[in-house]
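We name chains A, B, ... by the order of the sequence lines, and we start the count at 1 in each one. We use all heavy atoms of the structure for the numbers below, so side chains are in, but hydrogens, waters and symmetry mates are not.
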2 protein chains.
Amino acid sequence: MKTIKGEQKFHELLEKGMEVMWSKGYNATSVNDIVQAAGVPKGSFYFYFDSKEDFAVKALECYFQQHFDPAKKILDDSSKSPKQRLREFYEFRTSILKNELDCKMGCLACNLGNEMAEHNEKIRQAIVTKETYIKDEIAKVVKEAQACGEMDSHMDALDIVSFFEDAGKGAMTSMKELNSAYPIDNYMQMLNKFMLV
Amino acid sequence: MKTIKGEQKFHELLEKGMEVMWSKGYNATSVNDIVQAAGVPKGSFYFYFDSKEDFAVKALECYFQQHFDPAKKILDDSSKSPKQRLREFYEFRTSILKNELDCKMGCLACNLGNEMAEHNEKIRQAIVTKETYIKDEIAKVVKEAQACGEMDSHMDALDIVSFFEDAGKGAMTSMKELNSAYPIDNYMQMLNKFMLV
DNA sequence: AACTAATAATTGACCAGTCATCTATTAGAT
DNA sequence: ATCTAATAGATGACTGGTCAATTATTAGTT
């Protein structure tokens with residue numbers, strides 16, 4: 001992957017293929033599906049990726065980079081109060097699920113985690129590592145909120161964040177099952193109640 | 001399916017095959033996997049089931065019957081207070097996830113829902129119908145608890161139950177990803193905090 | 001004999017991954 | 001500048017194997 005054109009094809013495969021796997025899952029997505037989505041010949045796939053498993057891991061890394069990094073900027077915006085940042089952070093994420101993704105796609109990492117964690121260690125690790133990092137980043141802001149009295153200090157910040165994140169994961173599953181925004185809206189409503197001092 | 005032996009084989013396929021699909025998911029489970037797990041010849045599968053899809057729907061019905069019906073008895077035990085029943089109900093379900101299933105399997109319906117809801121309407125419907133019924137049954141007890149002042153009456157019972165169920169779903173996903181009981185334990189801890197008047 | 005239940009064998013489509021062969025690009029030597 | 005050689009990328013045919021589903025046949029019962 002030394003040339004510009006090569007770099008382009010690599011990213012084309014990653015992004016178009018990621019979307020297919022995001023929607024259909026790991027086992028239902030064939031390498032043919034991926035190369036067709038990217039408009040790249042079958043043989044080229046194995047020039048850029050060792051295997052379908054390798055593709056999934058790299059797609060996950062790409063996914064987190066594309067979808068968490070923008071949200072992290074909200075968390076880090078020190079011009080706002082910690083609680084306000086948390087609110088906007090969760091509002092931002094849920095609005096994408098509802099509007100951009102039409103309550104259909106959920107989260108690539110949750111989807112692959114649910115399907116593959118028990119059976120593929122590399123994919124499991126790729127997900128756990130990133131999700132742990134994300135929870136830590138959110139927990140930092142929760143701790144700030146606790147320190148300045150915006151949130152209840154009697155609960156462990158990481159426990160709260162873990163619960164929030166898990167509830168969000170489940171809400172996405174229900175959202176897909178019901179094909180409705182209700183689970184996400186209800187999640188936000190409960191989150192706001194839970195976050196009040 | 002007129003003979004006793006036939007009935008036995010049908011249930012053997014359902015129960016053994018259900019476990020395989022529960023663990024591996026829909027797409028990673030082949031009809032061969034199912035018949036091998038049940039010790040039944042390949043050809044017999046299509047005598048008892050129209051298709052793999054038909055098998056999944058029937059397996060889901062069997063799953064809910066086997067796993068929700070015992071828990072429902074706890075909900076209906078009028079000798080205890082509503083809130084006590086809710087506590088025991090959730091405690092019962094989470095203890096199965098931890099002890100019986102070793103934090104590995106999660107819930108068949110959630111697994112298939114996550115993997116298939118977007119792409120298979122029959123499977124989606126089978127899951128949604130049953131989960132709606134279950135939420136209604138739990139909500140009845142929450143309403144009782146609200147009526148006798150054991151729980152906060154300012155929130156809609158179905159919203160609360162939906163949130164509880166979704167949080168549980170997400171906790172199961174994380175449980176599988178982390179291969180740890182922490183998400184479930186944390187879920188129960190938060191549930192108890194949330195349920196206090 | 002006539003019917004139902006059970007099953008082994010088979011089918012054609014599709015799978016992940018390989019490979020030989022091709023072209024395009026770059027680097028070094030003169 | 002030009003030639004040479006090496007590297008990087010591109011490509012579709014192909015492989016061994018597995019898939020869901022069908023079919024032809026056999027066994028069992030009435």
Fill in: salt bridge (Lys or Arg N to Asp or Glu O under 4.0 Å) contacts touching residues 103-119 of chain A (sequence neighbours left out)
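Residue pairs passing salt bridge (Lys or Arg N to Asp or Glu O under 4.0 Å), neighbours aside: A:D102-A:K104.
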
- [ ] Spell out, as yes or no, whether a donor-acceptor pair under 3.5 Å connects the side chain of B:T94 to the backbone of B:I184.
- [x]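 No: the side chain of B:T94 does not pair with the backbone of B:I184.
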
For the pair made of [atom1] in [X] and [atom2] in [N], what is the distance, rounded to whole Å?
{"X": "A:F47", "N": "D:dA10", "atom1": "CZ", "atom2": "P", "result": "7 Å"}
{"X": "B:K42", "N": "D:dA20", "atom1": "NZ", "atom2": "C1'", "result": "6 Å"}
{"X": "A:F10", "N": "D:dA8", "atom1": "CZ", "atom2": "P", "result": "16 Å"}
{"X": "B:F55", "N": "D:dC19", "atom1": "CZ", "atom2": "P", "result": "15 Å"}
{"X": "B:N27", "N": "C:dC15", "atom1": "CG", "atom2": "P", "result": "11 Å"}
{"X": "A:Q8", "N": "D:dA10", "atom1": "CD", "atom2": "C1'", "result": "15 Å"}
{"X": "B:D50", "N": "D:dT22", "atom1": "CG", "atom2": "P", "result": "10 Å"}
{"X": "A:Y26", "N": "C:dA16", "atom1": "OH", "atom2": "P", "result": "8 Å"}

Enumerate the protein-to-nucleotides 25-30 of chain D contacts in which both atoms are nitrogen or oxygen and the separation is below 3.5 Å.
none

*asked:* Evaluate A:K72 against A:D76 for salt bridge (Lys or Arg N to Asp or Glu O under 4.0 Å), listing each step before the verdict.
replied: CA-CA 6 Å; A:K72 182 158 163 37; A:D76 293 344; 2.8 Å; yes

Next item on the list: Evaluate the criterion side-chain hydrogen bond (donor to acceptor under 3.5 Å, both in side chains) for residue pair B:K169 and A:S174; output intermediate values, then yes/no.
Entry: CA-CA 9 Å; B:K169 281 185 193 179; A:S174 291; 2.7 Å; yes

With under 30° as parallel and over 60° as perpendicular, where do the rings of B:F89 and B:F68 fit, or are they tilted in between?
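It falls in the perpendicular class, over 60°.
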
Q.
Is the ring pair A:F164/A:F194 parallel, tilted or perpendicular, if the boundaries are 30 and 60 degrees?
A.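 Correct class here is perpendicular.
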
Task: Donor/acceptor link under 3.5 angstrom from A:K9 side chain onto base of D:dG9 - done: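 Answer no: no donor N or O sits under 3.5 Å from an acceptor.
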
Is the number of heavy atoms from other residues, nucleotides or ligands within 6.0 Å of CD (B:Q65) greater than 12?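 No, because the 6.0 Å sphere around CD of B:Q65 holds 12 heavy atoms or fewer from other groups.
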
Closest nucleotide among [options] to the [X] side chain:
{"X": "A:Y48", "options": "D:dC19, D:dG9, C:dT7", "result": "D:dG9"}
{"X": "A:S30", "options": "D:dT11, C:dC15, D:dC19", "result": "C:dC15"}
{"X": "B:Y46", "options": "C:dC15, D:dA21, C:dG17", "result": "D:dA21"}
{"X": "A:S51", "options": "C:dT7, C:dG17, D:dG12", "result": "C:dG17"}

Item to complete: Would you mind telling me which residue lines up with the more 5' stretch of DNA chain C, B:V40 or A:F45, judged by nearest nucleotide?
Response: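 Result: B:V40.
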
